There are 2 protein chains.
Amino acid sequence: MKKTGGLKLMQEINQYIILKTIREKGPISRSDIAKMTKLSPTTVTSAVNGLLNEGIVTVGGIGESSGGRKPVYVEFAPDSKYIIGVSITNSCIGIGKVNMDAQVKEKKMYPGDFQKSANAISYTLDRISDYIAECEDLSLCLGISIITPGIVDAKKGIIRNNAKLHLTNVPLKEMAEERFGLKVWIDNDANAIALAENKYGKYGSRKNLIYIQMGDGIGSGIVFEDSIFRGSHGGAGEFGHISIDKNGILCECGNRGCLENYVSWPSIYNRILDHLEKGSPTTMVSHKNSKTLDISQNDFLKALHQNDELAISVLEEPVEYMANGIVSLVNLFNPDVILIGWGSLDKDSYFITRVREKVKELAFDIFTDGLEIQPTTLGGDFQLKGAASVALEEIFEVPL
Amino acid sequence: MKKTGGLKLMQEINQYIILKTIREKGPISRSDIAKMTKLSPTTVTSAVNGLLNEGIVTVGGIGESSGGRKPVYVEFAPDSKYIIGVSITNSCIGIGKVNMDAQVKEKKMYPGDFQKSANAISYTLDRISDYIAECEDLSLCLGISIITPGIVDAKKGIIRNNAKLHLTNVPLKEMAEERFGLKVWIDNDANAIALAENKYGKYGSRKNLIYIQMGDGIGSGIVFEDSIFRGSHGGAGEFGHISIDKNGILCECGNRGCLENYVSWPSIYNRILDHLEKGSPTTMVSHKNSKTLDISQNDFLKALHQNDELAISVLEEPVEYMANGIVSLVNLFNPDVILIGWGSLDKDSYFITRVREKVKELAFDIFTDGLEIQPTTLGGDFQLKGAASVALEEIFEVPL
DNA sequence: TAAATAAATACAATTTTCAAAATATTTTTA
DNA sequence: TAAAAATATTTTGAAAATTGTATTTATTTA
């Protein structure tokens, strides 16, 4: 509790309730808002007037009469303000304008190998600076939301650790706020994307969601009761480092049998090479140059979706491991939805179908009944949507 | 949001803030409350009068003057009302009066083997009925809080599943509320005890806590940001069934290598028998009758605390497995505290010391820095304290 | 065209907070 | 020892936002 109960708080709460109703149910008439919220017409009118003045809602036409004066609809105006979303990855900085419905309106990409250069942060801040310089309507900007892999203390605004980008205890929020004079949010990418899936994705109605991010490593974002589960230092969700084989491969983290060593892209890539060497048939490449080959994740997934024999056989073991890891996840978190983010992974591909089967087989029925295991649903702009979600979550939160 | 912002809500919020201040900081003068909460003296006086009328706070003497009128202290009166706490286990029903500080004021135990009789619920309800009949001050009773192992949907008040007590979808909350006309809470035991540790235990200042319950099986309760993490169907925290060895022992749940098969009491007991057969030296028993032996968990722990050779060597492997499981837990939840509930387990015993070491060794430093791994701190009444905590949590929650 | 219905606004009543003043009590100090 | 200063609590009156009711506005229906 930050605030004590005063008239102002009371007004803020009502305005929050009304805005929420308009966002979810709009276009809607003032009269219907009053009925739904059980607030008096007077209160609704005055709050709506406030919101209209702010520009955050607009009048959206006139409805049909049901035997009296026609209702005037008001609706949420998601484009009236925007967030500058920023996504830092190992190989690319993305910056863009995102509206209040987490729709990406404009996007710029700056590729680069930040794993080597070790100046990802200063480079990012410079690009943001350029971007801001070109914004004509900065007064409508609600702030900058930055997401990055690694362990992020979102509350304090510090990147605790990111081994690949060589970052330790970077107070990015403070740095950016000082430099740009705008509100800044930072968070872990998987957390942010999980939140975006929860708020704006296809399975958004489910309260408890886990997003598993596959790539060079394996991370996850956990959303519980519609808000991010961060743990004590923002480090929750290191799914790649749960051990599923006590006597397995020694991981660079010091433990043995970490999931990451069996199902990350590098490990799968090595399996592909092994199989190719053995001369397994595949549509992915002609065999002659298989040694010098550089197969991308999307090439591989494309082959998988065409039921390429090699792609499937390569995944046989990883699928087992992944399912095993997910079973532990299910037993610990009891989620409604698990979304797997791996490029263009298809919902009917061997990978996810088999994982689904295996999880169903191994976990308690009571946990798997109604559990969805699906690919992500946000589409190409998932990172910037994620970034924006973190900001929007706070902007539209209950005023307390 | 259940309520809209009205004068009543505003008053409730302020009363909540003031009561919370008195509970945490009391005995305290009205004047100091006003300073701490930044509420006006008027508001404080009127709210305190309300609380005094309710009987939930009392005047607690007069303080020393610091150059003016002496302050009149008000303080929380935890004994002014009570909760009937009920704990159902496989072998015992416990019923007792618990005050508003989760102190157990009175306790009755009803032993029995409910795993066989299959009527644990009706037996429990009958005992509660008896208990209530003897309560003279039922008007001061805030309700009945029941905890039990198994998967419990606390929100809906249904015991979803408890294999050992043969329970499926028992609407216990409704049943009890109808029969007794009192407010009833039900929850999973590990969840409840975790909450009690968080609210009333030694490590209560930490926001994120995991309680691991060792016994016939292994369960856990997760408290995140000071409230229970239940998952979708109340099933979160099935720590005993995370797999730490993909190719390990086949578990009755269908999976392989579940933690429960390596560190639960039955599995440890079997190890003891094995060792005894081999003639390992021990202070636990004379060897002659080792075959027909019935060693209790507390006998074993007592021996362990005396550094009995056999006890230690029996635990060597379980410790490894437990540490491994905890590492996964730490990587997923990033908690501040992990508390292990296993009888009278000593904080310096081989078991916990070694687990601590091993976890420190295998998990990320950033997660283990400041992480406490300790035995439980609630003492003998932990179950009833747990039950009461669930009720108190709701009784004292923010009014929204 | 008048009556009925519905949406939106205006107004008075209510309630609770807050600020300031009043009152009560105690210590300090002249 | 009495007046002044300090602190705690209560009283008083003004301010603010809600609610319910009444009113205005707009539209349909008879």
Side-chain angles (χ1 to χ4, degrees), chain A residues 1 3-19 21-22 25-53 57-75 399-400, chain B residues 1-18 21-22 25-53 57-75 399-400:
Chain A
M1 296 286 298
K3 297 174 184 172
T4 52
L7 273 340
K8 213 74 219 159
L9 177 67
M10 171 168 135
Q11 200 176 32
E12 273 171 34
I13 290 174
N14 287 334
Q15 188 154 308
Y16 161 85
I17 292 171
I18 289 167
L19 178 55
T21 311
I22 295 173
K25 307 281 159 60
I28 186 173
S29 72
R30 291 167 173 85
S31 164
D32 282 343
I33 296 172
K35 273 172 210 146
M36 294 190 68
T37 58
K38 287 172 188 167
L39 287 161
S40 70
T42 320
T43 307
V44 173
T45 292
S46 82
V48 168
N49 284 341
L51 295 169
L52 285 167
N53 275 334
V57 306
T58 48
V59 296
I62 289 169
E64 279 309 293
S65 163
S66 55
R69 178 171 171 177
K70 286 180 179 170
V72 177
Y73 290 136
V74 290
E75 65 187 1
L400 262 180
Chain B
M1 296 286 300
K2 300 155 216 165
K3 297 172 185 173
T4 52
L7 274 339
K8 212 73 221 160
L9 177 66
M10 176 168 132
Q11 199 176 32
E12 274 171 33
I13 289 175
N14 288 333
Q15 189 155 307
Y16 161 84
I17 292 172
I18 288 166
T21 311
I22 296 173
K25 306 281 158 61
I28 185 174
S29 71
R30 290 166 174 85
S31 164
D32 283 342
I33 296 171
K35 273 172 209 146
M36 294 190 69
T37 59
K38 288 172 188 166
L39 286 161
S40 69
T42 322
T43 308
V44 174
T45 293
S46 84
V48 168
N49 285 342
L51 294 168
L52 285 167
N53 274 335
V57 306
T58 48
V59 294
I62 288 170
E64 279 308 294
S65 163
S66 55
R69 178 170 169 178
K70 285 180 180 170
V72 178
Y73 291 137
V74 290
E75 63 187 2
L400 262 181

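In what follows, every chain begins at residue 1, and chains take the letters A, B, ... in the order their sequences are listed. Keep in mind it's a predicted model, so treat the numbers as computed, not measured. Just the heavy atoms: all of them, side chains too, but no hydrogens, waters or symmetry mates, feed the values below.
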**Student:** List the residues meeting salt bridge (charged side-chain N to carboxylate O under 4.0 Å, His left out) with K25(A), not counting sequence neighbours, and say none if there are none.
**Tutor:**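 Applying salt bridge (charged side-chain N to carboxylate O under 4.0 Å, His left out) to K25(A) gives none.
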
**Student:** Taking all heavy atoms of T21(B) and all of M36(B), pick out the closest pair and write down the distance.
**Tutor:**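 Taking T21(B) first and M36(B) second, the nearest heavy atoms are CG2-SD, 4.2 Å.
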
**Student:** Can you tell me if T58(A) uses its side chain to pair, donor with acceptor, with the backbone of G60(A) under 3.5 Å?
**Tutor:**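 No; judged by distance alone, with no hydrogens or angles, the pair does not exist.
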
**Student:** Could you tell me which non-hydrogen atom of T45(B) sits nearest to which non-hydrogen atom of R30(B), and how far apart they are?
**Tutor:**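 Closest pair (atom of T45(B), atom of R30(B), distance): OG1-CD, 4.2 Å.
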
**Student:** Any side-chain heavy atom of V74(B) sitting closer than 4.5 Å to one from I33(B)?
**Tutor:**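 Yes - at least one pair of side-chain heavy atoms lies under 4.5 Å apart.
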
**Student:** In residues 30-44 of chain B, what residues come within less than 4.0 Å of DNA chain C, judged by heavy atoms?
**Tutor:**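 Here the set is L39(B), S40(B), T42(B), T43(B).
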
**Student:** Check the interface with nucleotides 25-27 of chain D: list each N/O to N/O pair with the protein under 3.5 Å, or write none.
**Tutor:**
from: dT25(D); atom 1: O2; to: R69(A); atom 2: NH1; distance (Å): 3.3
from: dA26(D); atom 1: N3; to: R69(A); atom 2: N; distance (Å): 3.4

**Student:** Who pairs with K8(B) by salt bridge (charged side-chain N to carboxylate O under 4.0 Å, His left out), at least two apart in sequence or on another chain?
**Tutor:**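 Salt bridge (charged side-chain N to carboxylate O under 4.0 Å, His left out) list for K8(B), sorted by chain: empty.
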
**Student:** Whole-Å distance between dA16(D) P and M10(B) CE?
**Tutor:**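 Interatomic distance, CE of M10(B) to P of dA16(D): 13 Å.
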
**Student:** For the residue pair L52(B) and V59(B), what are the closest heavy atoms and their distance?
**Tutor:**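 Result for this residue pair: CD2-N, 3.9 Å.
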
**Student:** Is it the case that S40(A) and T43(A) place a side-chain donor and acceptor less than 3.5 Å from each other?
**Tutor:**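 There is such a pair (donor and acceptor under 3.5 Å, judged by atom type) between the side chains of S40(A) and T43(A).
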
**Student:** What is the separation between atom CD on E12(A) and atom P on dA16(D), rounded to the nearest whole Å?
**Tutor:**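 After rounding, the reported distance stands at 16 Å.
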
**Student:** Report the residues that fulfil side-chain contact (heavy atoms from CB on, under 4.5 Å) with S46(B), sequence neighbours left out, ordered by chain and then residue number.
**Tutor:**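 Listed in chain order: nothing, the list is empty.
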
**Student:** May I ask you to say what T45(A) touches in the nucleic acid, namely base, sugar-phosphate or nothing, with a heavy-atom cut-off under 4.0 Å?
**Tutor:**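 Base contact.
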
**Student:** P399(B) versus I13(B): any side-chain heavy-atom pair under 4.5 Å?
**Tutor:**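 When only atoms from C-beta onward are counted, I13(B) and P399(B) do touch, with a gap below 4.5 Å.
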
**Student:** Rounded to whole angstrom units, what separation is found between the CG atom of L9(A) and the C1' atom of dA17(D)?
**Tutor:**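 The distance from CG of L9(A) to C1' of dA17(D) comes to 12 Å, rounded to the nearest Å.
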
**Student:** At the 4.0 Å heavy-atom cut-off to chain A, mark where contacts on DNA chain C begin and end, going 5' to 3'.
**Tutor:**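 Extent of the interface on DNA chain C: dT5(C) to dT17(C).
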
**Student:** Would you mind telling me which residue lines up with the more 5' stretch of DNA chain C, Q15(B) or S29(A), judged by nearest nucleotide?
**Tutor:**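 Residue closer to the 5' terminus by nearest nucleotide: S29(A).
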
**Student:** Looking only at non-hydrogen atoms, find the nearest pair between P27(A) and E75(A) and report the distance.
**Tutor:**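 Scanning both residues completely, I find the closest heavy atoms to be CG-OE1, 3.3 Å.
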
